[in-house]
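Presented below is the structure to which this report refers.
Order of the sequence lines sets the chain letters (A, B, ...), proteins ahead of strands, with each chain counted from 1.
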There are 2 protein chains.
Amino acid sequence: MAPRAGEVKAQRSTPRRPRGSLNREDIIAAAFELIAGEEGVDGLSMPRLARHLDVGVTSLYWYFRSKDDLMAALTEEGADRFYQLLPDYRGRPWDEHLSCYFRDFRQVFRDNPALCDLIVLRAPMQARSPEAVRRFFTLLEREISALVQAGFPVAEAVDAYMTLSVYTRGCVLNERLFTAAEEQLDRGGYRAPRPDLDPANLPVMAEAARYWAPSFATDEKFEAGMGLIIDGLRVRLAQLTAGAAQA
Amino acid sequence: MAPRAGEVKAQRSTPRRPRGSLNREDIIAAAFELIAGEEGVDGLSMPRLARHLDVGVTSLYWYFRSKDDLMAALTEEGADRFYQLLPDYRGRPWDEHLSCYFRDFRQVFRDNPALCDLIVLRAPMQARSPEAVRRFFTLLEREISALVQAGFPVAEAVDAYMTLSVYTRGCVLNERLFTAAEEQLDRGGYRAPRPDLDPANLPVMAEAARYWAPSFATDEKFEAGMGLIIDGLRVRLAQLTAGAAQA
DNA sequence: ACCTGAACACCGTTCAAGT
DNA sequence: ACCTGAACACCGTTCAAGT
């Protein structure tokens, strides 16, 4: 069937790329440009990426077996970028070190939604290459050593770091889902009115509504939770040093 | 173009459904059957759902404006199911109450991956109907009242609950991503060998590897983190009662 | 009022080429 | 060795009907 007049098949503008003009790194870089934009990680598609690179869609499949394969590479690159954005707070007291570090940890994800989607929402560690894992462990070495120097045994230092990491990513996830839903509601979704909390049936929640932060997303709420965990760590450390003094 | 012999257009088996034979609840129930199965939430599609119901795809659009609309309904129903699976631990000491409650909180999500995907990965509260929010607040009233009775001011009780909730969902997310990635690797993905941690460069991590739990997914690790948070709460409570005794 | 298939734009992926 | 379009199965959604 002949195309109707004015019917233009979506197609590449240039006739053909020379042979060496494409490579893995350029594709990954272009993908990061796309996901950093309006459409985000969800808006990334192979056709869109090909268009952005002015390449035939199928050319991408020479460098990546599948979209999953590409996503794994993006996740890996994203994780590296993330580690490099975390400052080094060594030298401060251990509790101050921790709160500064995880405050920034959270802030980096808030500033980079694409990084958040890549790492918090889909990057378990075993999906990464040996080099990426090594870089990850190097970061952990730095952070966990600081706790060991403060007096924590290695096992407890690991638990401490992981607890704060899990908590922080939980906060980030909460906030990310919250803002995503807000955007969707703004784009014409039905927004239900807040139900009024009857103080007769729900006396505590009626009062709690005054302190309520949707999605636990404020700096204050994050700090409150982090403070609880660090207080717990202070207790442990006190027990440990007391035990050591006794022995 | 006439279809080739043996070419069968995927189509409904029965000729046409009577007029009142479909409704919102049946569609939601069928969707839950599908997402509870092998394919999970990601495998849910409008055509698949229609096939499962033996209905024309477009019939679904009479009851749900869009797939997003359907997903919101599933999330809402899922949240209700989740609340009902949480047992009531009132009457126990506040710290025991909390640890039992959040231990179950985590276990429910581990037992129901579909519920986890629906609620942990995409259900911020403001996407829910007034009734669902009311039911949610009713649960919170029960849980937070227990903390208030133990001596926490309302604001701190809310923070305590939310901190544990965020931490627990962080653990659940971690584990969910981990198992999803494992499955993908088992389905023929390339699995990189663990890098060996050179004790010369990474002395602490080399020792930590012995205590390492991938994805913080063991019961032990979960309990360790929860214990830290509850220890932090004990500190607060002690400060509060000391302050009250002084006044 | 409720159910329907045809049709459209989009997606991921395979394949059989071209250079 | 690298790049390509045609083609396929699938998806979400709209529309103009049928009953």
Side-chain angles (χ1 to χ4, degrees), chain A residues 1-4 6-27 30-31 34-35 39-74 184 187-189, chain B residues 1-4 6-27 30-31 34-35 39-74 184 187-189:
Chain A
M1 201 198 292
R4 269 182 285 134
E7 204 174 66
V8 178
K9 186 73 185 292
Q11 214 164 2
R12 304 188 34 248
S13 52
T14 35
R16 196 188 177 92
R17 306 258 307 202
R19 257 184 304 171
S21 62
L22 203 55
N23 59 68
R24 258 178 156 261
E25 281 139 43
D26 287 352
I27 295 174
L34 276 189
I35 66 179
E39 311 286 356
V41 173
D42 287 343
L44 182 66
S45 81
M46 300 300 266
R48 255 208 259 263
L49 179 54
R51 226 144 41 220
H52 189 62
L53 283 158
D54 194 30
V55 175
V57 205
T58 46
S59 303
L60 301 175
Y61 286 84
W62 180 261
Y63 297 93
F64 298 94
R65 240 198 280 80
S66 63
K67 192 187 177 185
D68 266 1
D69 194 23
L70 171 64
M71 293 306 298
L74 293 185
Q184 199 183 332
R187 282 196 311 272
Chain B
M1 201 199 291
R4 269 183 287 132
E7 205 174 65
V8 179
K9 186 73 184 292
Q11 215 163 0
R12 304 188 35 245
S13 52
T14 34
R16 196 189 177 90
R17 306 259 307 202
R19 257 184 303 171
S21 62
L22 204 55
N23 59 68
R24 259 180 156 258
E25 280 138 42
D26 288 351
I27 295 174
L34 276 187
I35 65 178
E39 310 286 356
V41 173
D42 287 344
L44 181 67
S45 81
M46 300 301 266
R48 256 208 258 262
L49 180 53
R51 224 144 43 219
H52 189 63
L53 283 158
D54 193 30
V55 175
V57 205
T58 45
S59 304
L60 301 174
Y61 286 84
W62 181 261
Y63 297 94
F64 297 95
R65 240 199 280 81
S66 64
K67 190 187 178 185
D68 266 1
D69 194 22
L70 171 65
M71 292 306 298
L74 293 185
Q184 199 183 332
R187 283 196 309 273

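When rounded to the nearest whole Å, the span between NZ of Lys67(A) and P of dC11(D) equals 15 Å. The distance between atom CZ of Arg24(A) and atom P of dC2(D), rounded to the nearest whole Å, is 13 Å. When the P atom of dC10(C) is taken as reference, atom CG of Asp42(A) falls 17 Å away, rounded to whole Å. The separation between Asp26(B) atom CG and dC3(C) atom P is 10 Å, rounded to whole Å. The separation between Leu44(B) atom CG and dG12(D) atom P is 8 Å, rounded to whole Å. Regarding Leu60(A), its CG atom lies at a distance of 12 Å from the P atom of dG5(D), rounded to whole Å. The nearest whole Å value for the distance from the CZ atom in Arg65(A) to the C1' atom in dT14(C) is 15 Å. If you take CZ of Arg51(A) and P of dG12(C), they are 11 Å apart, rounded to a whole angstrom.
Interatomic distance, OG of Ser45(A) versus CZ of Arg51(A), reported as 6.5 Å (0.5 Å rounding).
Closest contact between the side chain of Val57(B) and the listed nucleotides dT13(D), dC3(C), dT4(D) involves dT13(D). Here the side chain of Ser21(B) is nearest to one of dT4(D), dC3(C), dG12(C), namely dC3(C). For Tyr63(B), taking side-chain heavy atoms from C-beta onward, the closest of the listed nucleotides dC3(C), dG12(D), dC3(D) is dC3(C).
Dashed line: the shortest gap from a side-chain N or O of Trp62(A) to OP1 or OP2 of dC2(D) is under 4.0 Å. Proximity of Tyr61(B) to the phosphate of dC3(C): no side-chain N or O atom is located under 4.0 Å from OP1 or OP2.
Within the 4.0 angstrom heavy-atom criterion, no nucleotide atom of any strand lies near Phe64(A). In this structure, Ser45(B) reaches the sugar-phosphate backbone alone: every heavy-atom distance under 4.0 Å involves primed, P, OP1 or OP2 atoms, never a base. Across all strands, Thr58(B) comes closer than 4.0 Å to base atoms (heavy-atom distances).
In this entry dC8(D) has dG12(C) as its Watson-Crick or G-U wobble partner, both defining distances falling under 3.5 Å. Applying the Watson-Crick and G-U wobble criteria (two distances, each under 3.5 Å), dT19(D) pairs with dA1(C).
Within the 4.5 Å cutoff, no side-chain heavy atoms of Ile27(B) are placed close to those of Val55(B).
Taking both residues in full, the closest heavy atoms of Leu22(B) and Ser59(B) are given as CD2-CB, 4.0 Å, listed atom of the first, atom of the second, then distance. Shown here for Met71(B) and Leu44(B), the closest heavy-atom pair between the two residues is SD-CD2, 4.0 Å.
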Report task. Apply side-chain contact (heavy atoms from CB on, under 4.5 Å) to the pair Leu49(B) and Leu60(B), showing each step before the final yes or no. Result -> CA-CA 9 Å; Leu49(B) 180 53; Leu60(B) 301 174; 4.3 Å; yes
